[in-house]
Amino acid sequence: KDARASLPRIFINGVLISMLIFFLMSLVAFGVMPHEELAASNYAMADAAHRFLPAWGGAVVTIGALMAFTTSLNATLYVPARILFVLGEDRMAPQWFARVGQQFRTPWVSLVLNTGIALVLLWTKKFGYVLDIVLVAIFLLYGLNSAALLALPFVRPALYRTARVRLRPVWLVICGLVSIVAMAYLTIATIWRDIEKQQATPADQRGLAIWQLLLLWTLVGTILYAIARWEGHRSGFDYKAQLQSEGAEEATETAASER
């Protein structure tokens, strides 16, 4: 009934419970298998389960892992499509990203585009390569989120004042910088590991390195953003007014919920 009050509790409790579960799982895995074997295993939890559960225990853990992986596909496929839809709706990308179907009112353009890219990557590359691409994308996204958090009280002070939980700006700067440095390190480490793999691969079997694909994505994103700005300029769209109106709506909703 009151999403503003319940969702923060759900997120915080969900993260804490997940951390506890993962910690206990890791504790059990390291307790029954040497760390060298765990590092070399492609199915660490299933292999660990074979050590202390009956013969069917490993199969149960494997099925559970497949179910969890299938569930995570919802976020993997649908969330990026939703982001593309919002970018098109906010005129940060071409408007056709925001097209929805007449029958089911779903953002079919962004869904088809996102699913098509995912299928191409799966068909043409190994799973480890795709995983590294996803990790770099996540690290960069978290780094951008951290930069936005760091800049929020200085660039959008009115929006910062609407937050229910407001850390002091100095703490936001410290937390934001720590997160940015951590994400930058993980991004560089992942790209460097991919470069070493590329160098160890015969020249005729090499594909695009992750850093090359990252540059390609940046170029494509820049072109799409330029097209969106051109479309907005032609139609007289006011980006600054949009930001101000969204901030005012957020402040009004927060004030109403606090009454």
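This one's a predicted model, so the numbers in the text were calculated from it and none came from an experiment. Quick note: residue numbers are just sequence positions, from 1.
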Would a hydrophobic clustering, with Ile, Leu, Val, Met, Phe, Trp and Tyr connected at side-chain separations under 4.5 Å, put Val79 with Leu87?
yes
Heavy-atom side-chain contact between Pro107 and Glu89 under 4.5 Å:
no
Would you give the length of the straight line joining atom CG of Leu150 to atom CD1 of Ile174, rounded to the nearest 0.5 angstrom?
10.5 Å
Gln102 atom CD, neighbour heavy-atom count above 12 within 6.0 Å:
no
Quick one: does any side-chain atom of Thr218 pair with a main-chain N or O of Leu214 as donor and acceptor, under 3.5 Å?
yes
Looking at Ala81, is its backbone amide N or carbonyl O close enough to the side chain of Ser110 to form a donor-acceptor pair, meaning the two atoms are under 3.5 Å apart?
yes
Spell out, as yes or no, whether a donor-acceptor pair under 3.5 Å connects the side chain of Ser235 to the backbone of Gly232.
yes
Could you pull out the closest heavy-atom pair between Gly88 and Ala98, with the gap in Å?
C-CB, 3.8 Å
Which heavy atom of Ile180 sits nearest a heavy atom of Ser146, and at what distance?
CG1-CB, 3.7 Å
Does one hydrophobic cluster hold both Leu149 and Leu177, with members joined at side-chain heavy-atom distances below 4.5 Å?
no
Taking all non-hydrogen atoms of both residues into account, name the closest pair between Glu231 and Arg91 and its distance.
O-NH2, 3.7 Å
Interatomic distance, OG@Ser26 vs CD1@Ile21, rounded to 0.5 Å, equals 11.5 Å
Measure the shortest side-chain to side-chain distance between Val86 and Arg82 over non-hydrogen atoms and say whether it is less than 4.5 angstrom.
yes
hydrophobic_cluster_shared for Val181 and Val178, side chain cutoff 4.5 Å
no
Is Leu186 close to Tyr142 at the side-chain level, that is, under 4.5 Å between some pair of heavy atoms?
no
Separation between CZ of Phe97 and CG of Asn114, rounded to the nearest 0.5 Å:
10.5 Å
Linked, directly or transitively: Leu213 and Val220 (ILVMFWY side chains, under 4.5 Å):
yes
Beyond-backbone contact of Ile227 with Ile223, side-chain heavy atoms, under 4.5 angstrom
yes
Is the shortest heavy-atom distance from the side chain of Arg51 to the side chain of Glu37 under 4.5 Å?
yes
Would you mind listing the cluster partners of Phe104? Hydrophobic ones only (ILVMFWY), side-chain contacts under 4.5 Å, chaining allowed.
none
Counting only heavy atoms not in Phe154, do more than 12 fall under 6.0 Å of its CZ?
yes
For a 4.5 angstrom cut-off between non-hydrogen side-chain atoms, does Leu84 reach Leu113?
yes
What distance do Phe85 atom CZ and Thr106 atom OG1 have between them, rounded to the nearest 0.5 Å?
10.0 Å
Looking only at side-chain N and O atoms, does Arg229 offer a donor or acceptor that is under 3.5 Å from a partner on Tyr225?
yes
Shortest non-hydrogen contact between Lys197 and Asp132, atoms and distance
NZ-OD2, 3.7 Å
Distance, nearest 0.5 Å, that separates OG of Ser6 from CZ of Phe11
9.0 Å
Taking the side chain as C-beta and beyond, is there a heavy-atom pair between Phe139 and Thr190 under 4.5 Å?
yes
In terms of hydrophobic clustering (I, L, V, M, F, W, Y; side-chain heavy atoms under 4.5 Å; direct or indirect links), are Val136 and Leu215 co-clustered?
yes
Donor-acceptor under 3.5 Å (Arg166 side chain, Arg161 main chain)
yes
Rounded distance (nearest 0.5 Å) linking atom CD1 of Ile191 with atom CG of Leu135
11.5 Å
Is the number of heavy atoms from other residues, nucleotides or ligands under 6.0 Å of Trp192 CH2 greater than 12?
no
